[in-house]
Amino acid sequence: MNFIEVIGRVILSFGVLLLMTRIMGKKQVSQLTYFNYITGITIGAVAASITIDTSIDKTDGFVSIVCWSLLTILVSYINLKSPKARVLLDGQPTIVIKHGEILEKTLDRLRLNMDDLSMLLREKNIFSTQEVDYAVLEPDGQLSVLKKVDQQSVTKRDLKVAAVKPLYVPTEIIVDSKVVTRNLEELDLSQNWLEKQLHQAGVSLQDVFYGEIQSDGTLYIDKRQDH
């Protein structure tokens, strides 16, 4: 009976966590600030306790998860409306390299050493601090870098080359021989257009494993059986 109860708790915990995660939104994962980190660990710990410790009342545990999630949503709303609260709870960007000079006191205050800074720079494919004009440590721990002018990549504008605006954003429209109707509609393309493209390529829908509309409007096809 205890075994069955544990399975039931796991299923219920999984369902509640999935629901609350969807409600809290993508920021909880994509922008992991100190506050998001703490709330994420706490909610996970509560869910784990409910699952393993059968002495904890299920209702109390699930109420705890819901309350933590609602408080997280409330704080996110306050951050959205109040810049002062946003700085207090999430922190603010901090300049660690300015005009090519490393700000040692700022690094000490952030408890970062040169190994940490070098690692963050390498993640941006920068292997020398001499390439950097400005570097900013974001509240989520990511490093934003502005290279020196002579280190920046040359753009078409610099070369005075005419830039052609793409017709489409490359988007999948066939996956595993099934048409992704939603993407086709968002691109304002019809089923007839797709069938015509497949006919011109000499393939049927069943032969296509993956199909993607390219930026110039052409259709890229990867057949199910490549030779």
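Just the heavy atoms: all of them, side chains too, but no hydrogens, waters or symmetry mates, feed the values below. All figures in this text were calculated on a predicted structure; none of them were measured in a lab.
One hydrophobic cluster, built from ILVMFWY side chains closer than 4.5 Å, holds both Leu194 and Tyr168. Placement of Ile73 and Ile78 in two distinct hydrophobic clusters is found when ILVMFWY residues are connected by side-chain heavy-atom separations under 4.5 Å, directly or transitively.
The shortest heavy-atom contact between Leu143 and Leu117 is CD2-CD1, 4.1 Å. Across Ser215 and Pro170, no two heavy atoms sit closer than the pair N-CG, 4.2 Å. The minimum heavy-atom distance linking Thr94 with Thr106 is given by the pair CG2-CG2, 3.4 Å.
Glu138 is linked by a salt bridge (charged side-chain N to carboxylate O under 4.0 Å, His left out) to nothing, counting only residues two or more places apart in sequence or in another chain.
Side-chain contact between Tyr210 and Val175 is present, with at least one heavy-atom pair separated by less than 4.5 Å. Looking at Lys98 and Leu103, their side chains come closer than 4.5 Å, going by heavy atoms from C-beta outward. At least one side-chain heavy atom of Leu137 sits under 4.5 Å from a side-chain heavy atom of Leu120. Taking the side chain as every heavy atom from C-beta outward, Asn113 and Asp116 approach each other to under 4.5 Å. Within the 4.5 Å cutoff, the side chain of His99 has heavy atoms near those of the Asp133 side chain.
Here CG of Asp222 is found 12.0 Å from CG of Asp207. Values are rounded to the nearest 0.5 Å. Between Glu212 atom CD and Ile174 atom CD1 the span is 11.0 Å, to the nearest 0.5 Å.
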Show the atom names and distances, to 0.1 Å, of all donor-acceptor pairs under 3.5 Å that link a side chain in residues 177-191 to residues at least two apart or in another chain.
unit_1 : atom_1 : unit_2 : atom_2 : d
Ser177 : OG     : Gln206 : O      : 3.3
Ser177 : OG     : Val208 : O      : 2.8
Ser177 : OG     : Arg224 : NE     : 3.4
Ser177 : OG     : Arg224 : NH2    : 2.7
Asn183 : ND2    : Glu172 : O      : 2.8
Ser190 : OG     : Trp193 : N      : 3.1

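Counting only N and O atoms by type, the side chains of Ser118 and Asp115 include no donor and acceptor under 3.5 Å apart.
Residue Phe209 qualifies as open at atom CZ: its count of foreign heavy atoms under 6.0 Å is 12 or below.
No side-chain donor-acceptor contact under 3.5 Å links Thr59 to the backbone of Asp57.
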